[in-house]
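The sequence lines fix the lettering, A, B, ..., with proteins before strands; numbering per chain opens at 1.
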Number of protein chains: 4
Amino acid sequence: MHNGTSAKRTGRPRSADADHAILEATRAALVELGWGKLTMGDVATRAGVAKTTLYRRWAGKNELVVDAVAVLFDELELPDRGSLQADIEDVVLQFAALLALPEARTALMAVVAESTHDDALRLRIREAIVDRQKRLVVLGRRRAQDRGELPPDEPSQGPDGTDAATQIDLIFDVIAGAVVHRTLVSGEPVDPTWARTFTTLLLGGLAAIR
Amino acid sequence: MHNGTSAKRTGRPRSADADHAILEATRAALVELGWGKLTMGDVATRAGVAKTTLYRRWAGKNELVVDAVAVLFDELELPDRGSLQADIEDVVLQFAALLALPEARTALMAVVAESTHDDALRLRIREAIVDRQKRLVVLGRRRAQDRGELPPDEPSQGPDGTDAATQIDLIFDVIAGAVVHRTLVSGEPVDPTWARTFTTLLLGGLAAIR
Amino acid sequence: MHNGTSAKRTGRPRSADADHAILEATRAALVELGWGKLTMGDVATRAGVAKTTLYRRWAGKNELVVDAVAVLFDELELPDRGSLQADIEDVVLQFAALLALPEARTALMAVVAESTHDDALRLRIREAIVDRQKRLVVLGRRRAQDRGELPPDEPSQGPDGTDAATQIDLIFDVIAGAVVHRTLVSGEPVDPTWARTFTTLLLGGLAAIR
Amino acid sequence: MHNGTSAKRTGRPRSADADHAILEATRAALVELGWGKLTMGDVATRAGVAKTTLYRRWAGKNELVVDAVAVLFDELELPDRGSLQADIEDVVLQFAALLALPEARTALMAVVAESTHDDALRLRIREAIVDRQKRLVVLGRRRAQDRGELPPDEPSQGPDGTDAATQIDLIFDVIAGAVVHRTLVSGEPVDPTWARTFTTLLLGGLAAIR
DNA sequence: AGGTAAGCGAGACGGTACGTCGTGTCTTGGT
DNA sequence: ACCAAGACACGACGTACCGTCTCGCTTACCT
């Protein structure tokens with residue numbers, strides 16, 4: 001998080017309770033107030049903690065919110081439902097459920113917006129959120145290859161965009177982008193019917209680019 | 001924009017110059033400072049205008065930025081390149097070029113984030129931005145139907161998500177979502193190669209959901 | 001008032017109704033809000049008049065308030081009650097009654113305060129207010145001399161402060177100062193008993209400085 | 001001042017330096033700008049302090065100025081010059097010298113004006129300024145009684161206004177009122193000649209009301 | 001009778017100051 | 001060393017008035 005392999009020695013150790021209380025208070029504040037109205041002072045009060053304690057651990061609102069929301073993305077899993085179609089539908093619905101949480105909706109877009117001119121923040125978001133989602137694509141793709149639903153990776157073939165890493169990125173952007181856009185921009189729900197149609201489109205498209 | 005067909009009579013009329021100066025100053029401030037550091041006072045100073053003049057026209061930062069950025073989306077056009085594949089690739093590249101502008105990158109995500117708990121703002125975004133993009137999908141689809149590249153609309157067929165409006169929404173979310181996600185979240189550029197591969201996927205997928 | 005011997009010729013003449021309405025509105029606003037909270041815009045609204053109309057006649061709050069309050073001081077009169085003691089007591093009570101009016105209390109001190117660094121304002125106050133009170137002293141003194149209660153003016157006698165003008169100024173400062181101070185600073189009422197005791201003191205003192 | 005016998009415990013204590021700097025800056029601003037142009041923000045800047053620090057201690061301009069000016073009145077003293085006449089002349093000249101200070105002139109009238117519709121402010125003025133002056137009258141009177149220049153207090157004698165407290169109030173209103181009125185309203189200087197004549201009048205009058 | 005110059009209500013305008021709020025830092029004294 | 005409390009410098013907020021400036025009308029005097 002913010003203190004990997006601490007080698008602290010002297011003095012009073014930091015309270016682990018405080019960390020949890022702060023992150024929970026942050027999520028609660030996001031739900032009630034949204035990103036724009038959330039303040040460090042308010043989070044501190046909710047957590048029963050001094051502002052100093054927040055700043056000792058996080059550099060600012062952005063970093064705090066990324067960490068507070070990141071844990072939500074750890075709960076995404078890729079269950080083996082027997083077919084690639086079913087696996088993708090499941091992940092789409094999980095992701096949509098996550099974006100239905102007010103704290104995730106508002107925080108995700110806001111930190112992405114801030115990250116457009118803050119490289120450190122962009123990196124943190126990638127590590128804490130984006131890469132955790134992308135691994136599901138990598139895993140699902142490999143599993144589908146094992147099942148024979150997708151062909152095995154071919155060695156890199158030049159600039160036509162069909163090598164493995166490129167394809168993974170494309171799939172990821174299409175899935176995550178479509179779900180986020182439908183949920184937050186279009187403001188429409190992602191229900192099982194939509195998930196099925198979307199997944200059909202995606203798999204049909206994947207066949208086409210090969 | 002913010003004052004439709006008013007029938008006011010008395011008093012000094014509002015300055016149209018001020019409107020233009022303010023919106024231009026807003027875009028300039030977005031480029032230099034980004035959403036988070038943009039302040040109403042600074043915009044007013046850049047525009048050579050009093051703060052009250054801003055607040056007389058817009059309720060706050062969100063509303064102002066939506067209007068300031070909205071005009072950028074009016075410049076998107078759907079040129080007739082002879083095939084659906086080419087048309088889509090062109091729009092994808094235009095949209096990506098738009099998102100490469102700093103003022104658009106940062107503003108778009110930020111106002112979407114704020115709109116997650118501000119219904120009036122969501123409506124304004126839809127009218128000023130989203131619907132202006134969606135019309136391109138509607139237009140391109142009709143043109144492809146005229147060319148025979150896509151089948152004509154069938155009468156509504158129940159809950160399988162294949163009627164015209166549902167399909168338009170799906171296409172829109174996939175295109176806009178994928179481009180936004182690749183650009184802002186993944187942080188990768190949208191180049192002609194990517195556009196071609198993505199369009200191939202989309203058209204292949206469209207064939208599959210029919 | 002604010003336009004002595006006008007030589008205007010063409011154009012629509014200024015509305016006399018507006019003048020009255022404005023001054024009355026000013027007094028009403030003084031009562032309700034006091035000097036500090038009184039605003040030009042509010043006075044204009046109360047008077048049913050545009051702000052422009054105020055500024056066409058008065059340069060600012062100070063000038064407006066002086067004129068609005070000055071008329072109150074015109075009502076002071078010196079009735080002939082038969083003796084100097086009775087005459088003075090009467091004037092003291094009249095003046096105290098005037099200072100009991102909220103519009104006079106607050107306005108008088110405020111414009112005097114402003115006049116401490118605005119010479120034009122000081123002159124205006126003197127003409128509109130101070131000199132109108134001082135004439136009562138001059139008149140009462142002459143009347144007492146006619147009655148034989150005070151000795152006639154002696155020719156100027158040098159620097160011992162007993163010539164006529166000096167004495168008038170002194171009497172005026174003592175009367176006005178004591179009444180104002182008791183009313184506004186000490187916050188005590190001026191009743192007939194106080195007026196009698198004060199007048200006795202004053203007359204006793206006058207005998208002593210001769 | 002504004003924080004009597006607090007029993008606070010935790011947190012960073014308020015800076016005493018800030019208090020002094022603010023009051024000094026207030027007096028400087030009064031001299032340069034006068035009451036009407038004095039702004040809280042300017043005082044804060046002069047004092048090298050944030051606006052919030054001012055508002056944490058004082059509710060507004062009125063309260064701040066009363067405190068800033070009050071210390072000037074502490075410097076008034078009653079030297080023993082051997083006779084009541086000389087003592088009074090001395091105090092009159094001291095008081096006149098005080099009112100010659102620009103910061104005192106403008107501030108005193110202005111806060112009195114505001115106090116006409118602000119009871120809390122009136123109380124504050126009384127405590128901080130009026131009572132500190134009145135003690136000089138009490139002291140001087142007692143000293144004169146000890147010298148035999150004035151008769152000792154008689155027991156209260158009913159409503160003829162000759163008991164001790166009433167007499168003190170009367171003397172105070174006459175002295176302070178006359179000096180203030182001559183200085184600020186009439187705009188004439190208080191010089192030793194005027195002080196002598198005025199004192200003669202006062203003492204002559206005091207003999208008359210007994 | 002018409003022309004014209006000023007007055008007028010309305011309200012937008014560029015400013016300045018307001019009093020409040022949030023940020024991130026810094027003292028306190030108490031674990 | 002850590003913590004809760006809270007003061008601090010800073011800077012933006014959104015509002016209120018200021019005094020000025022268009023607007024599109026009256027309204028009275030002067031040819």
Side-chain angles (χ1 to χ4, degrees), chain A residues 8-15 17-18 36-45 47-61, chain B residues 8-18 36-45 47-61, chain C residues 8-15 17-18 37-45 47-61, chain D residues 8-18 37-45 47-61:
Chain A
K8 56 191 167 188
R9 207 146 337 180
T10 94
R12 177 173 171 178
R14 289 187 182 169
S15 159
D17 291 357
K37 306 285 183 187
L38 178 147
T39 68
M40 297 295 271
D42 180 57
V43 169
T45 304
V49 141
K51 264 198 303 176
T52 328
T53 303
L54 263 77
Y55 283 106
R56 206 173 285 123
R57 292 166 160 79
W58 290 277
K61 216 163 110 164
Chain B
K8 59 187 167 190
R9 201 132 357 158
T10 69
R12 177 172 171 177
R14 290 190 180 167
S15 159
D17 289 357
K37 305 287 183 185
L38 179 148
T39 69
M40 296 295 269
D42 180 57
V43 169
T45 303
V49 141
K51 256 198 304 177
T52 36
T53 300
L54 264 80
Y55 283 107
R56 207 174 282 123
R57 291 162 162 76
W58 292 278
K61 218 163 108 164
Chain C
K8 59 187 167 189
R9 208 143 337 174
T10 88
R12 177 175 173 176
R14 290 186 182 170
S15 159
D17 291 356
K37 306 285 184 187
L38 179 147
T39 68
M40 297 295 271
D42 180 56
V43 169
T45 303
V49 141
K51 262 197 304 174
T52 328
T53 302
L54 263 78
Y55 284 107
R56 207 174 283 124
R57 291 162 161 79
W58 291 277
K61 214 163 110 165
Chain D
K8 58 186 168 190
R9 200 126 2 148
T10 71
R12 177 174 172 176
R14 291 190 181 167
S15 159
D17 290 355
K37 305 286 183 187
L38 179 148
T39 68
M40 296 296 269
D42 180 58
V43 169
T45 303
V49 141
K51 256 195 306 175
T52 34
T53 300
L54 264 78
Y55 284 107
R56 207 174 283 121
R57 292 163 160 78
W58 292 279
K61 218 162 109 165

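- Atoms CZ (B/Arg14) and P (E/dC13) sit 7 Å apart, rounded to a whole Å.
- With sequence neighbours excluded, no residue forms a side chain to side chain contact (heavy atoms under 4.5 Å, CB included) with B/Thr45.
- Map B/Gly11 and B/Ala16 each onto its nearest nucleotide of DNA chain E; the residue landing nearer the 5' end is B/Gly11.
- When the C1' atom of E/dT23 is taken as reference, atom CG of A/Leu54 falls 12 Å away, rounded to whole Å.
- Evaluation of the side chain to side chain contact (heavy atoms under 4.5 Å, CB included) rule for B/Thr39 yields B/Asp42 as partners, not counting sequence neighbours.
- Applying the side chain to side chain contact (heavy atoms under 4.5 Å, CB included) test to A/Ala47 and every residue at least two apart in sequence or in another chain returns A/Ala21, A/Ile22, A/Ala25, A/Val49.
- Residue C/Arg12 places no side-chain N or O under 4.0 Å from the OP1 or OP2 atom of F/dC30.
- Straight-line distance from the CG atom of C/Asp17 to the P atom of F/dT27: 13 Å, rounded to whole Å.
- Contacts of C/Arg12 classified as side chain to side chain contact (heavy atoms under 4.5 Å, CB included), with partners at least two apart in sequence or in another chain: none.
- Phosphate proximity of F/dC3 to A/Arg56: present, with a side-chain N or O under 4.0 Å from OP1 or OP2.
- The phosphate of F/dC3 (OP1 or OP2) has a side-chain N or O of A/Arg57 nearer than 4.0 angstrom.
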Handout entry: Protein-to-nucleotide contact annotation, 5' to 3' order, nucleotides 10-15 of chain F [B base; S sugar-phosphate only; - none; under 4.0 Å, heavy atom]
Key = B-SSBB
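- Panel note: side chain A/Lys61, backbone A/Leu38; a donor-acceptor pair is recorded below 3.5 Å.
- To the nearest 0.5 angstrom, A/Met40 atom CE is 8.5 Å from A/Trp58 atom CH2.
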